[in-house]
Amino acid sequence: QAPLVESGGGSVEAGGSLRLSCADSGRTFSRYAMGWFRQAPGKEREFVGCIKWISSSTYYAESVKGRFTISRDNAKNTVNLQMNTLKPEDTAVYYCAASTTDYSQTWHYLLPIGYNYWGQGTQVTVSS
């Protein structure tokens, strides 16, 4: 039912890798950016990273920089999140989001309010 669908979540040991994918659930729509957020139990939703659809410019949270990589496929309107050297603190529900607004300032894409389409989330669990 969600406009976006995440896949690829699961359980891995610390130091392992996982790749998440996000795709349209059916309908097609224009988007200027797609982002990834995560939320752990008892914690606020946290920005992970995003990618601008046209320029392919990427932005990452400091906590995942150097370990996570976002990529996109314009033809398929999909976005991937490659997660390497996973840590227990990466455990959370990961959400994919799309923004159909062309913000002139990038900071809008670093906040949940900048996105108007969301997936249902996929669980990522990293054990020590």
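Start at 1 with the first residue, then count along the sequence. Worth saying up front: this structure is predicted, and the values here are computed from it rather than measured.
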request  = Give a yes or no on whether Tyr32 atom OH has more than 12 heavy-atom contacts from other residues, nucleotides or ligands under 6.0 Å away.
outcome  = no

Scan the side chains in residues 40-49 for donor-acceptor partners under 3.5 Å anywhere in the protein, sequence neighbours excluded, and list what turns up.
{"from": "Glu46", "atom 1": "OE1", "to": "Arg38", "atom 2": "NE", "distance (Å)": "2.9"}
{"from": "Glu46", "atom 1": "OE1", "to": "Arg38", "atom 2": "NH2", "distance (Å)": "3.4"}

ask   = Quick one: side-chain hydrogen bond (donor to acceptor under 3.5 Å, both in side chains) pairs with a partner in residues 3-14, sequence neighbours left out?
value = Glu6-Gln120

inquiry  = Would you compute the distance between atom CG of Leu20 and atom OH of Tyr94 and round it to the nearest 0.5 angstrom?
reply    = 7.5 Å

query = If every non-hydrogen atom of Ala33 is compared with every non-hydrogen atom of Tyr115, which pair is closest and at what distance?
reply = O-CE2, 4.0 Å

key: Under the salt bridge (charged side-chain N to carboxylate O under 4.0 Å, His left out) test, residues paired with Lys87 that sit two or more places apart   = none

remark   = Note: with side-chain heavy atoms under 4.5 Å as the link, the other cluster members for Ile113 come out as Trp107, Leu111

ask   = Will you find, in the side chains of Arg72 and Thr78, an N or O donor that is under 3.5 Å from an N or O acceptor?
value = no

task = List for me each residue that meets side chain to side chain donor-acceptor pair (under 3.5 Å) alongside Thr106, sequence neighbours excluded, and say none if there are none.
result = Lys52

query = Does anything in residues 53-63 pair up under salt bridge (charged side-chain N to carboxylate O under 4.0 Å, His left out), and if so which pairs, sequence neighbours excluded?
reply = Glu62-Lys65

task = If the plane angle is over 60° it's perpendicular, under 30° parallel, otherwise tilted; pick one for Trp118 and Tyr95.
result = perpendicular

inquiry  = Could you work out, with salt bridge (charged side-chain N to carboxylate O under 4.0 Å, His left out) as the rule, every residue matching Arg67, not counting sequence neighbours?
reply    = Asp90

inquiry  = According to disulfide bond (SG atoms under 2.5 Å apart), who are the partners of Cys50, at least two apart in sequence or on a separate chain?
reply    = none

query = If you look at every heavy atom in Ser30 and Thr100, which pair is closest and at what distance?
reply = O-CG2, 2.8 Å

key: Set of side chain to side chain donor-acceptor pair (under 3.5 Å) partners for Thr58, sequence neighbours left out   = none

inquiry  = Pair Asn80, Ser21 - check side chain to side chain donor-acceptor pair (under 3.5 Å), show working.
reply    = CA-CA 4 Å; Asn80 299 316; Ser21 296; 2.9 Å; yes

remark   = By ring-ring contact (aromatic ring centres under 6.0 Å, His included), Tyr109 pairs with (sequence neighbours left out) Tyr103

request  = With the side chain counted from C-beta on, respond yes when Ser99 and Met34 share a heavy-atom pair under 4.5 Å apart, and no when they do not.
outcome  = no

inquiry  = Taking Val93 as the starting point, is it possible to reach Leu86 by hopping between hydrophobic residues whose side chains are less than 4.5 Å apart?
reply    = no

ask   = If two hydrophobic side chains count as joined below 4.5 Å and joins carry through other members, does Val5 share a cluster with Ile51?
value = no

remark   = Rounding to 0.5 Å, atoms CG (Leu18) and CE (Met83) come to a distance of 4.5 Å

message = List the residues meeting side chain to side chain donor-acceptor pair (under 3.5 Å) with Ser104, not counting sequence neighbours, and say none if there are none.
response = none

query = At what distance, to the nearest 0.5 angstrom, does CZ of Arg19 lie from CG of Asn84?
reply = 11.5 Å

ask   = Going from CD1 on Ile70 to OG on Ser57, what distance comes out if it is rounded to the nearest 0.5 angstrom?
value = 12.0 Å

request  = Look up atom CG in Leu110 and atom OH in Tyr60, then write down how far apart they are to the nearest 0.5 Å.
outcome  = 13.0 Å

message = Rounded at 0.5 Å granularity, tell me how far CZ in Phe68 sits from CG in Leu81.
response = 6.0 Å

ask   = Does Asp102 have any side chain to side chain donor-acceptor pair (under 3.5 Å) partners at least two apart in sequence or in another chain, and if so, which?
value = none

key: Smallest separation among heavy atoms of Val79 and Ser71, with atom names   = CG2-O, 3.2 Å

query = Do Trp36 and Cys22 touch side chain to side chain, with heavy atoms closer than 4.5 Å?
reply = yes

